[in-house]
Number of protein chains: 2
Amino acid sequence: MRQNERMTNGGGLRERKKARTREAILREAFRLFRERGYAATTTEQIAEAAEVSPATFFRYFPTKEDLVTLDRFPPLVEALAAEPPGAPVTVLRRAFRAAFASLTAEQIAAGHAREVFAVTVPELVAANLRRTPGLLREVAGLLADKTGRDADDPRIRDALGAVFGVVTLVWWQWAGDPAMDGPAEIDKALARLESGLNE
Amino acid sequence: MRQNERMTNGGGLRERKKARTREAILREAFRLFRERGYAATTTEQIAEAAEVSPATFFRYFPTKEDLVTLDRFPPLVEALAAEPPGAPVTVLRRAFRAAFASLTAEQIAAGHAREVFAVTVPELVAANLRRTPGLLREVAGLLADKTGRDADDPRIRDALGAVFGVVTLVWWQWAGDPAMDGPAEIDKALARLESGLNE
DNA sequence: TCTCCTTTGAGAGTTCACTCTCATTTGAGA
DNA sequence: TCTCAAATGAGAGTGAACTCTCAAAGGAGA
């Protein structure tokens, strides 16, 4: 019966205050990251800018990395699960389209700002990589279902690797050029991958 | 006229001692990494095991990461530069073959032990990633030459991304399964990439 | 308004990578 | 054997992420 706190900011004043504190920390953290870089920004500076104590900062984000690391990719996994069967690259391409289509332009833009750091700062790439094996296994399993193959079929691995690599490089380029239409570019790149790269 | 220190260990006793110290540090470091993991091994423990002072450890390796990070990939770049022109994936595949062919089985095996950490431990992936953009730009430039395209042609980026992704996943699998024939598996995977992943 | 429980702040403490200084040792070359 | 420069060790010091404890503040519900 209780409402979804994520969307409504919860009922009580307590919940709302917590949400505001969390947002303040995130907002100030990213502002500082942009101004002076990730490594050069200390957790104390973030806490001070967000007007909370250092201890409180760590209550909200157990590690500095968590500022940039949490909650990525779920849309893609959901979209993939909902896809009809097909050839591996094709299925993944459709999943990417569906995942982006499920987000508003604002959500994509807001996500992009965060992704710039997640993709650009090595420490954060590392933090995200720490969850990548699990994600890859999950995606491989889904992909195996959709294609009627084994999860450890090398062809699944290779399709996944190729898509993963292609998307990573586009993402990277996107991080450096916010004017780019990321979703469209990803789709074009995957189309090329579908039709053969040696053409 | 001076000899190549890398191969001959240099002439003087001083040089030889330095080389031995360096090797001792590397050897003990990797032993400890294997026993208790990268993060759980402190630089002091490495120094103690290698019988040097902590200060000396840092004289040999300015950062802990440098133990695992230095000197990767040059064979690939050289091999690529020497390849004749062709389609992008094909050229890269041949370059990988040539790069591995230029190494002895011992060199590959020794390199593999180090790679296991470089690929498996997120912090180290991050450290290596720090040099990846430069490497990718270099490879993209060479690839553009070989294919007669522009270095910023999206097709170059996509071929590179796909190969990079495929090789990464194989490498990863190889790290977890030393019995695997990495070079052969990479070649097979790239062959699949050449002929189209949706087959 | 009163009581309870959660959240917060203050601040001391820990760990570890990395730095600096200075005195001592040890090859190199004469 | 003597002198010099390079390498080493000892050890104190720094910075920053993260932890712990305890007391004060402030919503929630009666």
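In what follows, every chain begins at residue 1, and chains take the letters A, B, ... in the order their sequences are listed.
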Whichever of K18(B) and P54(B) has its nearest DNA chain D nucleotide further upstream toward 5':
K18(B)

Distance, rounded to the nearest Å, where K64(A) contributes NZ and dA17(C) contributes C1'
14 Å

Of the listed nucleotides (dA17(C), dT8(D), dG9(D)), which one gets closest to any side-chain atom of A55(B)?
dG9(D)

Looking at CD1 of I186(B) and CG of L92(B), how far apart are the two atoms once the value is rounded to the nearest 0.5 Å?
12.0 Å

Tell whether R16(A) reaches the base of dG27(D) with its side chain through a donor-acceptor pair below 3.5 angstrom.
no

Could you pick out which residue, K17(B) or F58(B), lies toward the 5' side of DNA chain C when each is mapped onto its nearest nucleotide?
F58(B)

Separation between OH of Y38(B) and CG of L67(B), rounded to the nearest 0.5 Å
7.0 Å

Does dT8(D) have OP1 or OP2 sitting under 4.0 Å from an N or O in the side chain of S53(B)?
no

Rounded distance in Å - CD (E44(B)) to C1' (dA10(D)):
12 Å

With the side chain defined as heavy atoms from C-beta on, T56(B) is closest, among dA16(D), dT8(D), dA7(D), to dT8(D)

Tell me whether the side-chain N/O atoms of Y60(A) come closer than 4.0 Å to OP1 or OP2 in dT7(C).
no

At under 4.0 Å between heavy atoms, what does E51(A) touch on the DNA or RNA strands: base, sugar-phosphate, or nothing?
sugar-phosphate

Nearest heavy atom decides the nucleotide; on that basis, is V52(A) or R14(A) closer to the 5' end of DNA chain C?
R14(A)

